[in-house]
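Remember, predicted model here, so these are calculated numbers, not experimental data.
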Amino acid sequence: MDKRLTVLETRFDAILPTLATKGDLAELRGATKADLAELRGEMALGFERNRADMAALSEKLHLDMNDSSSKLHQEMNKMFQRLLLWMIGIWLTSSLAIFGGTLAIMDTMLDGLRDDIRQVKAAVVSDARQAPAAVPAQAPLSTGPG
């Protein structure tokens with residue numbers, strides 16, 4: 001048993017000097033707290049810089065979007081005006097074509113009527129020339145005996 005105790009004492013003697021004491025742990029705790037505080041400060045500074053950078057980028061993006069939106073609005077207005085001119089031109093052209101077609105049809109119909117009137121006049125004049133000079137008087141119509 002003595003032998004066992006000697007082995008254990010030797011092990012303890014070898015291990016005990018390497019173990020941390022309460023003072024070592026307190027010093028380590030203080031250093032860790034200081035390091036954490038420094039890290040928190042650096043992180044806060046980094047976050048603040050990032051926040052400022054993001055705000056600047058956001059403002060620039062907002063201005064760029066407004067500018068792009070304004071340009072897009074102007075282009076759409078130009079396109080709408082061109083489209084409106086085309087629509088008015090097409091409407092005016094088709095209206096004039098319909099009006100001209102109607103006039104052409106009416107002119108053709110009137111030419112046909114004029115030809116018919118000339119033919120009727122010619123027939124009446126021809127009949128009048130061929131008719132006898134004296135037209136017999138017509139007897140009065142009688143309404144019955146008496």
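Summarising the geometry, atom CG belonging to D116 is positioned 11.5 Å from atom CG belonging to L110; distances are rounded to the nearest 0.5 Å. Between the OG1 atom of T21 and the CG atom of D24 there is a distance of 3.5 Å, given to the nearest 0.5 Å. Interatomic distance, CD of E9 versus CG of L16, reported as 11.0 Å (0.5 Å rounding). For the atom pair OG1 (T108) and CG (L103), the distance works out to 10.5 Å, reported to the nearest 0.5 Å. The distance from atom OG1 of T93 to atom CD1 of I88, rounded to the nearest 0.5 Å, is 11.5 Å. Atom CG of L36 sits about 10.5 Å away from atom CE of M43, to the nearest 0.5 Å.
Within the 3.5 Å criterion, the main-chain N or O of M65 finds no donor-acceptor partner in the side chain of S69.
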- Query: For D107 and D111, what are the C-alpha separation, side-chain angles and deciding distance, and is it a side-chain contact (heavy atoms from CB on, under 4.5 Å)?
  - Reply: CA-CA 6 Å; D107 188 46; D111 283 346; 3.9 Å; yes
- Task: Dump the intermediate steps for side-chain contact (heavy atoms from CB on, under 4.5 Å) on M87 and I90, then the final yes or no.
- Result: CA-CA 5 Å; M87 288 172 34; I90 290 171; 5.9 Å; no
In residues 71-86, what donor-acceptor pairs under 3.5 Å come from side-chain atoms, sequence neighbours left out?
residue : atom : partner : partner atom : Å
H73     : NE2  : N77     : ND2          : 3.4

Side-chain donor/acceptor pairs under 3.5 Å, residues 53-62, sequence neighbours excluded:
residue : atom : partner : partner atom : Å
K60     : NZ   : D64     : OD2          : 3.1
H62     : NE2  : N66     : ND2          : 3.3

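For the pair I98 and T102, the minimum side-chain heavy-atom distance is below 4.5 Å.
Applying the salt bridge (Lys or Arg N to Asp or Glu O under 4.0 Å) definition to pairs two or more places apart or across chains, those involving residues 40-50 are E48-R51.
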